[in-house]
There are 2 protein chains.
Amino acid sequence: MTKSDKKIPPRVIPRLSRYYRVLREYDQKTWVSSRELSMDTGFTDAQIRRDLAYFGQFGQPGKGYTIEELKKSIKQILGLDRQWNVLLIGVGNLGTALLRYKGFREQGFEIVAAVDADASKAGKIVNGVKIYPVDEIQHIVREKHILMAILTVPEQVAQEAAEAAVASGIKSIFNFAPAHLRLPPEVQVRHIDMTIELERLSFLSSRE
Amino acid sequence: MTKSDKKIPPRVIPRLSRYYRVLREYDQKTWVSSRELSMDTGFTDAQIRRDLAYFGQFGQPGKGYTIEELKKSIKQILGLDRQWNVLLIGVGNLGTALLRYKGFREQGFEIVAAVDADASKAGKIVNGVKIYPVDEIQHIVREKHILMAILTVPEQVAQEAAEAAVASGIKSIFNFAPAHLRLPPEVQVRHIDMTIELERLSFLSSRE
DNA sequence: TAGATTGTTAATCGATTAACAATC
DNA sequence: TAGATTGTTAATCGATTAACAATC
């Protein structure tokens, strides 16, 4: 699977995650149809077939999809058939909360180290994860084969922290800082901007 | 401004938030053009003019937009010209982190109370916010004029907690629990699903 | 074979971009 | 007036939905 595959609309991906999650909840059945998946996910059956068709032919006309095979295929498509070592950058309130969150590990995302600019935090262990001084970032990223970082630092230092991460070899960043990161295009970034989300709610609630 | 206005594409709203944020950083200038906003936000000038045109005529041909007026207009459009009292539901790791986060208040979002199912937390005060037992939710929502909730409870109780919030009068929910909430359509919901976000990064990183 | 459901093509819908007349 | 930039219309692009021949 390469970049030159026919273009996948970006919105397909989170839907695959949803299909995958629903599929994992089936424990009695062997087969599932796009119609059934539609009822359990809220997406239309046409869209589900379309989404899957971007990646191959997984079903059998007249029967549907075998749950086990489809799960395996989506798992592979999403890149979940491996472990992702994750670096947490910034062990403040939010960083600590994420460090303690158990949901990531289940899907193969494992926070294997943390760094913080506050030297007095270095050496501490939170939820089994050791905190290092920020200037050891390069060393840790290489030693622990880390490709992904979660960024939970204050706004003012987000850009430089992200650049340091990229310079160390990090390929994708999950950014919680309220800062628009400017990074090379080959670095994947997902940005959770909590204020923007609240503003969406505010907008919607204001125009009833 | 009512529901019957010409339809606003939903993706316009987070862009308005971005424009607003950039506008607030200008302190020397009086006028700004869509061209300049384009450079500072990364969106095209055509898109910026288009987005603003959904809500009225804010600019002057040949000159651009006056920053103060545009800021005021966007603030009003987003519903930020008032205070939003927010209830935090679930004072665990993530809930506590959000309680301590200072960024919300600046935009008029104020967490005025918290509830938790763990009775032993009741009465405690975190960052100036009092924690109540969950069965007082109705009382608090009414007394404190709360319309918005942030949901940071475990997956298993997310649905029932959301329903309780709605029954108390909450109109919009910012959901951090990894659960797909089924609520009446008039309730606004934003869902941050951290695992899905990590899976997007995983997908993108897997197909270079 | 009859019934069911896929994979895909064509039609529709919606959002973005280009272009430019209107106007400051 | 000359130069700049808006607001809007038309063209393009992209994603979703409908429909159905192929096939289990």
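Reminder, nothing fancy here: chain letters follow the sequence lines and each chain counts from 1. Computed from a prediction, not measured in an experiment: that's the story for all the values here.
At distances below 3.5 Å, not a single donor-acceptor pair connects side-chain atoms of Ser38(A) with backbone N or O atoms of Ser34(A).
Going from atom CG of Asp45(A) over to atom C1' of dT8(C) covers 14 Å, rounded to whole Å. As rounded to whole Å, 17 Å separates atom C1' of dT8(D) from atom CD1 of Ile48(B). Protein atom CG of Leu37(B) is 18 Å distant from nucleotide atom P of dA4(D), rounded to whole Å. The OH-P distance, from Tyr65(A) to dT5(C), rounds to 11 Å in whole Å. Regarding Arg35(A), its CZ atom lies at a distance of 18 Å from the C1' atom of dG7(C), rounded to whole Å. Between Leu70(A) atom CG and dT6(C) atom C1' the separation is 13 Å, expressed in whole Å.
Relative to the ring axis of Tyr20(B), Arg24(B) places its NZ or CZ within 45° and under 6.0 Å from the centre.
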Fill in the dot-bracket string of DNA chain C, one character per base: . for unpaired, | for a pair to another strand, ( ) or [ ] for pairs within the strand, taking Watson-Crick or G-U pairs under 3.5 Å. ..||||||||||||||||||||||
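No side-chain N or O of Asn127(B) forms a donor-acceptor pair with one of Tyr101(B) less than 3.5 Å apart. In the model, Tyr26(B) has a side-chain atom that pairs as donor or acceptor with a side-chain atom of Asp40(B) under 3.5 Å.
Under a 4.0 Å N-O distance rule, the pair Arg35(A)/Asp45(A) does not qualify as a salt bridge. Of the charged side-chain nitrogens involved, at least one lies within less than 4.0 Å of a carboxylate oxygen, so that Lys71(B) and Glu68(B) count as a salt-bridged pair. A salt bridge links Arg21(A) with Asp193(B): the closest approach of a Lys/Arg side-chain nitrogen to an acidic carboxylate oxygen falls below 4.0 angstrom.
Taking 4.0 angstrom as the limit, Ser34(B) places none of its side-chain polar atoms (N or O) nearer than this to OP1 or OP2 of dT5(D).
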What string of B, S and - do you get for nucleotides 14-24 of chain C, 5' to 3', when a contact is any protein heavy atom under 4.0 Å? -SBBBB---BB
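Other residues, nucleotides and ligands contribute only 12 or fewer heavy atoms inside 6.0 Å of the NZ atom of Lys72(B).
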